[in-house]
Each structure stands twice: as C-alpha cells, then as structure tokens.
Amino acid sequence: MATIKASKAGVRSLGAQSPAQAPAQTAKAAKGTQMQSAPQLPGLRPEVIERRLKMGREALHGKEGAEAAREAPKYFRTYEQVKAAIFELAKKYPEFVKVTDIGDTFEKSTGKADRDIISMALTSPKQPTEGQKTRVLHIAGQHAREIANPEVLMRYAAWALENYGKDAEATALLDNHIIDLVPMMNPDGHAVVERGYTGGGDLMKRKNTSGNNGAGTDLNRNWPEKNWGTAGASSSPSSDTYRGPSAGSELENKAIVAHTETTKPAFFMDWHSYSELVLYPPEDDRRNTTPDQEHFIRVGKKMASFNGYTPQASIELYPTSGTSQLPYERWKIPSFVVETGRAFHQTDAQFEETYKKNFPVLQYAAAISPDWRKLSAGPEIESVRMSANGKLTAIAKDALTGKSAAAVEVVSSPFAKPGSGKKLTGNDGTFVAEGLKTSPLAKSAELVYVRAQDSEGNWGPAKAVWKAAGSLSATAVRAGVAKSGQKIA
C-alpha cells in the first residue's frame with residue numbers, strides 16, 4: 001500500500017457546499033431519526049416486504065426505480081472531484097485522516113486512465129484509556145450506477161471531522177474507532193456514468209470496464225470465495241451479473257480483499273442501491289445458515305429500527321455471491337449490505353432522506369463493533385441530556401422490543417467493564433444521575449458514556465455526552481462542552 005498525492009482536478013469545496021450538503025446542518029437533521037421497536041417496524045409489514053423485494057429484483061435487472069435524470073443531481077461528483085475532496089479533508093485535518101492507495105483500477109493497469117481505489121481512514125490522535133480502537137470498514141460505489149452511496153460516506157466523513165470537539169458523538173466516534181471509508185470501489189465504471197450526464201457514457205453502467213470493449217465484470221459476483229460462480233452469477237460477459245473469468249480476478253476486488261486482510265476490521269459494511277433493505281448472510285443457499293445467524297438477524301433488525309428498511313438474509317432477495325458473505329466466511333468479520341433508496345439515481349431530495357435515515361446506522365455499526373454479538377443484545381440509549389448543573393437524564397429502551405432498560409450506568413470509557421460505572425436512578429425507561437460536572441482544574445471538556453442493561457443482564461452499546469461545563473474557561477467550552485439541555489440523540 002502506498003500513500004498517494006491529490007489530483008489537481010476540480011473539487012467542489014466543502015466550504016462552498018449548499019446548505020443541504022453542509023456537515024453541520026446534516027448532523028442536525030440526522031439526529032431527528034428515532035428508533036422504532038420491532039412490532040412497529042414498517043419494513044416488517046408483509047405489503048412493504050413484498051414491495052421492496054420487487055424493487056430489489058427489478059434493480060438486479062437494471063430497471064431504474066424512477067427515470068434517470070439527464071442532468072446530474074447536485075450531490076453527484078466525478079471521481080476526480082471525490083478524490084480531490086478526500087485530499088482536501090486530509091489537508092485540513094492531517095492528524096485525523098490517513099489516505100491510502102489500496103490498488104489500481106483496470107483502466108489504470110492498462111494505461112487508459114489514472115484512477116486509484118482510495119481508502120480514507122478517520123480517527124483522532126487520542127487513544128482510549130481502556131481497551132483499543134476498533135476499525136469499521138465501509139465500501140461503496142461497487143456498482144457504478146448506484147451514485148448516492150459514495151456521497152453518503154463522504155458526507156459522513158465531513159460530519160465527523162467538522163464536528164469533532166463540538167459534538168459528543170462525533171468526538172467519541174473518532175476517539176474510540178477507526179472509520180475506514182472506501183467511497184468508490186469502481187472508479188472506472190463511475191467515469192462511464194459521469195460521461196452519461198455529459199454525452200458518450202452510460203447512466204446505467206453497473207460493472208467495471210475490464211474485458212472486451214469495456215464490457216466489464218460485476219464486481220459483486222467476483223469475490224474469491226467458495227460461492228463464486230454459483231447461483232445469481234452469470235458466465236456470459238454480456239450479462240450485468242457476469243462473474244468474471246475467475247474468482248477474484250478483478251483488480252478492484254483484489255484491492256478490497258488485500259486491504260481487509262491487512263487492516264482486520266471488526267465490522268464490514270457495503271453500501272448499495274436500491275430497495276431499502278438491510279442484508280446479511282447467507283446469500284447463496286438457504287441451508288447455509290451461519291453459527292451467528294441469531295446475531296445477524298438481531299443486528300439487521302436493529303439497523304432497520306433506525307432507517308425503516310426491511311432486514312433479511314440476502315438469499316431472501318435472490319441468490320447471489322457478494323460481500324454480505326465474503327468477510328464473514330473468510331475472516332469471521334460481521335458483514336452487512338445496505339440497499340439505500342428507491343432508485344439508482346436518487347434525486348437531491350431522495351439523497352437527503354437516504355443520508356438522514358442511515359446516519360444512525362453508520363453510528364450503530366461503530367457502537368457495536370467492539371463486540372457485535374454482546375452489544376447488539378443489550379438495550380440502546382435512545383436519548384441523553386446533560387444540564388448545566390451536571391444532571392444527566394437518559395432514556396433507554398431495546399430497539400427491537402421497545403422494552404425499557406432495567407439499569408443504566410455512566411462510565412468514563414466505552415471500553416470500561418460493564419457494571420463498573422455510576423448507576424443512574426429511575427425506571428420506566430428514564431434514568432437520572434446528578435453531579436456530573438467537569439473538574440475546575442480540567443483544561444478541556446470531558447466526555448462520559450452512558451449504557452444500558454436489560455433484565456437478562458445484557459449491556460448495550462455506549463453513547464457519549466459532554467460533562468457539564470462547571471467552571472471551565474470559555475476556550476474549553478468551545479472545545480466541546482455541550483450547551484445546557486442540549487439533546488444528544
């Protein structure tokens with residue numbers, strides 16, 4: 001792996017983003033999403049499941065959920081613009097962003113174009129006082145026509161970096177995790193879609209551009225595992241689901257495999273479009289359930305409690321051989337695929353909806369990554385408030401059952417031993433603790449973490465909140481102490 005330099009190509013400046021794209025405004029909107037319990041999940045209603053399965057199967061055959069606009073939506077950026085934006089973030093936040101060239105595309109290997117597959121790893125210089133940072137790997141843009149998902153990851157990166165030291169959850173995210181983003185796995189295919197907006201390209205390009213006349217391989221049918229070339233993959237180069245000449249033959253797939261093996265993430269997510277689904281293994285054989293199936297089902301449903309999508313095993317959509325299987329099968333990394341929206345070419349309004357709905361899913365993946373089996377079994381902190389006098393109020397419920405937590409505690413680290421913190425008093429889902437003020441001697445704001453336990457003893461993921469300001473200086477307050485009564489949701 002090599003560190004790469006920024007292209008001089010045009011970039012849409014982060015500072016010049018429209019109000020709809022500004023990270024701070026996005027974060028505010030995203031916080032409005034509340035979890036729903038499983039009996040109320042819209043994605044579990046039979047008529048919704050049927051509609052979404054129909055959408056997903058139509059999408060496989062290249063049917064656009066809505067007619068693709070001939071003019072690019074405002075959120076859409078070319079490969080060169082995305083690449084330049086990544087380096088702009090790295091330049092602005094050098095201690096927080098590591099950019100890595102994880103591999104070449106087909107067209108770069110043949111000298112036709114200069115495109116790299118880029119990883120952007122986000123984390124703060126701060127190390128946890130207990131435990132160690134967990135890495136979450138997100139990839140997007142595997143299918144070129146699914147244009148919203150690279151920008152979902154780019155928006156998330158900008159939110160985390162712009163709000164570090166201001167927003168408790170953004171600060172905790174980078175203090176305790178490495179958020180590894182590969183926004184565009186298929187740059188060559190993306191370039192074909194780019195040209196579709198300007199003439200001479202193809203807005204519905206799915207594959208990369210390898211093979212005869214750039215016909216390409218479906219990268220999500222090329223993963224090098226035992227289900228390569230099985231159900232759902234075609235041996236015909238003209239097919240949109242062409243599996244490639246051999247398992248793992250494509251440079252783009254090789255890059256992701258090598259990067260995953262090198263970095264060993266604790267959690268893996270692949271972002272696709274469309275049909276509003278949360279998918280998990282198995283994907284190629286109904287009998288091929290995993291030893292962790294109960295955990296996959298639970299995490300899928302909890303993600304759906306945030307975004308309103310339908311959670312299901314990949315095989316329930318159609319037989320395939322993609323990324324929901326590979327990371328778990330090869331490395332035992334929990335892996336999920338999210339199918340966002342209702343079209344390949346989402347409008348600007350649809351993109352805003354997609355980001356808002358999936359922002360808490362991105363957060364949840366990081367929150368449970370230290371131990372996805374155990375942490376997903378416990379209840380979630382739905383909201384938490386810290387008042388100016390150090391009174392903390394938390395609402396804690398299980399995202400699946402809606403059942404109130406049995407206990408809540410506050411700790412100084414999300415990696416602290418469960419049960420070791422200060423217990424909050426309360427019942428019926430609302431819990432309170434007093435006296436949580438930053439020391440007058442402190443030089444900067446302090447985070448504390450709140451987590452809940454159910455009646456069976458399962459602890460859920462921790463949620464961060466700033467301690468009350470106490471007598472800290474105005475400088476320290478600007479460094480991150482929440483205003484009185486600020487809701488951290």
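Residue numbers run from 1 in the order of the sequence given. Keep in mind that the numbers below use all heavy atoms, side chains included, and drop hydrogens, waters and symmetry copies.
The line from CD1 of I117 to CD1 of I102 is 6.0 Å long, rounded to the nearest 0.5 Å. Rounding to the nearest 0.5 Å gives a distance of 11.0 Å between CH2 of W271 and CG of L181. The line from NE2 of H272 to NE2 of H143 is 5.5 Å long, rounded to the nearest 0.5 Å. Here D398 contributes atom CG and K403 contributes atom NZ; the two are 9.0 Å apart, rounded to the nearest 0.5 Å. I118 contributes atom CD1, which lies 5.5 Å from atom CG of D116 (distance to the nearest 0.5 angstrom). The CG atom of L392 lies 4.5 Å from the CE atom of M386; values are rounded to the nearest 0.5 Å.
No donor-acceptor pair under 3.5 Å is formed between the side chain of Q453 and the backbone N or O of G460. Using a distance-only test at 3.5 Å, with no hydrogens or angles considered, a donor-acceptor pair links the side chain of T123 to the main chain of L174. Within the 3.5 Å criterion, the main-chain N or O of A349 finds no donor-acceptor partner in the side chain of E352. No donor-acceptor pair closer than 3.5 Å links the side chain of K264 to the backbone N or O of T260. The closest donor-acceptor contact from the side chain of D167 to the backbone of N163 lies at 3.5 Å or more, if one exists at all. Judged purely by atom type and a 3.5 angstrom limit, K133 uses its side chain to pair as donor or acceptor with the backbone of S124. A distance-only check finds a donor-acceptor pair linking the side chain of D348 to the backbone of Y75 [under 3.5 Å]. At distances below 3.5 Å, at least one donor-acceptor pair connects side-chain atoms of R330 with backbone N or O atoms of P224. A side-chain donor-acceptor contact under 3.5 Å links N358 to the backbone of T354. In this structure, H259 contributes its side chain and V182 its backbone to no donor-acceptor pair below 3.5 Å.
Ring planes of W159 and Y156: parallel class, angle under 30° (limits at 30 and 60°).
The one candidate from R451, K302, K463 that meets the side chain to side chain donor-acceptor pair (under 3.5 Å) condition with E380 is K302. Among L279, V299, D270, the single residue meeting the side-chain contact (heavy atoms from CB on, under 4.5 Å) criterion with F336 is V299.
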- Task: Decide side chain to side chain contact (heavy atoms under 4.5 Å, CB included) for F268 and L326; before the verdict, give the C-alpha distance in whole Å, the side-chain angles of both, and the deciding distance to 0.1 Å.
- Result: CA-CA 10 Å; F268 186 107; L326 173 73; over 6 Å; no
- List the steps, then state whether side chain to side chain contact (heavy atoms under 4.5 Å, CB included) holds for V337 with Y280. CA-CA 6 Å; V337 172; Y280 47 83; over 6 Å; no
- Task: For S273 and N149, run side chain to side chain donor-acceptor pair (under 3.5 Å): C-alpha distance rounded to whole Å, both residues' side-chain angles, the deciding distance at 0.1 Å, then the answer.
- Result: CA-CA 8 Å; S273 293; N149 301 309; 3.0 Å; yes
- Could you walk me through whether T430 and D428 pass the side chain to side chain donor-acceptor pair (under 3.5 Å) test, one step at a time? CA-CA 6 Å; T430 302; D428 237 4; over 6 Å; no
- Message: Could you walk me through whether R342 and E276 satisfy the side chain to side chain contact (heavy atoms under 4.5 Å, CB included) test, starting with their C-alpha distance in whole Å, then the side-chain angles of each, then the deciding distance to 0.1 Å, before giving a yes or no?
- Response: CA-CA 7 Å; R342 299 176 294 279; E276 300 180 323; 2.8 Å; yes
- Message: Under the criterion side chain to side chain contact (heavy atoms under 4.5 Å, CB included), I'd like the reasoning laid out for M185 against L219: C-alpha separation, chi angles, the key distance, then a yes or no.
- Response: CA-CA 9 Å; M185 181 184 162; L219 301 180; 4.0 Å; yes
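In summary, E162 and R155 do not engage in a salt bridge, as defined by a charged side-chain N under 4.0 Å from a carboxylate O. We find that E353 and K357 are joined by a salt bridge, their nearest charged nitrogen and carboxylate oxygen being less than 4.0 Å apart. With salt bridges taken as basic N to acidic carboxylate O contacts below 4.0 Å, none links K423 and E409. Note on E151 versus K74: no salt bridge recorded, every NZ/NE/NH1/NH2 to OD/OE distance being 4.0 Å or above.
Residues F76 and F351 have side chains not in contact (no heavy-atom distance under 4.5 Å, counting atoms from C-beta outward). L122 is listed as a side-chain neighbour of L161, based on a closest heavy-atom distance under 4.5 Å. At least one side-chain heavy atom of D292 sits less than 4.5 Å from a side-chain heavy atom of R373. A heavy-atom distance below 4.5 Å is found between the side chains of L362 and H138. Residues N176 and F415 form a side-chain contact, since some pair of their non-hydrogen atoms from C-beta on lies under 4.5 Å apart. Under the 4.5 Å side-chain criterion, counting only non-hydrogen atoms from C-beta, F296 is in contact with P281. Within the 4.5 Å cutoff, the side chain of V465 has no heavy atoms near those of the L447 side chain. For the pair I333 and P265, the minimum side-chain heavy-atom distance is below 4.5 Å.
Considering all non-hydrogen atoms of both residues, L173 and A160 come closest at CD2-CB, 4.1 Å. Among all heavy-atom pairs drawn from D454 and G378, the shortest one is OD2-CA, 4.5 Å. What you find for P418 and W459 is that their closest heavy atoms are CB-CD1, 3.4 Å. Across A172 and A464, no two heavy atoms sit closer than the pair CB-CB, 3.5 Å. Of all heavy-atom pairs spanning A85 and R77, the tightest one is CB-NH1, 3.5 Å. Listed here is the closest heavy atom pair of P150 and A140: N-CB, 3.9 Å.
The cationic group of K83 does not satisfy the cation-pi geometry with Y79, failing either the under 6.0 Å distance to the six-membered ring centre or the 45° limit from the ring axis.
With a 6.0 Å radius and a threshold of 12 heavy atoms from other residues, nucleotides or ligands, K91 has its NZ atom at or below the threshold. Within a 6.0 Å radius of NZ in K422, other residues, nucleotides and ligands contribute more than 12 heavy atoms. At most 12 heavy atoms of other shown residues, nucleotides or ligands fall within 6.0 angstrom of atom CD in E95.
With no hydrogens or angles considered, a side-chain donor-acceptor pair links S376 and R298 at under 3.5 Å. Donor-acceptor pairing under 3.5 Å is lacking for the side chains of E146 and T340. Under the 3.5 Å distance criterion, with hydrogens and angles disregarded, no donor-acceptor pair is assigned to the side chains of W372 and H295.
Aromatic pair F306/Y364: centroids less than 6.0 angstrom apart.
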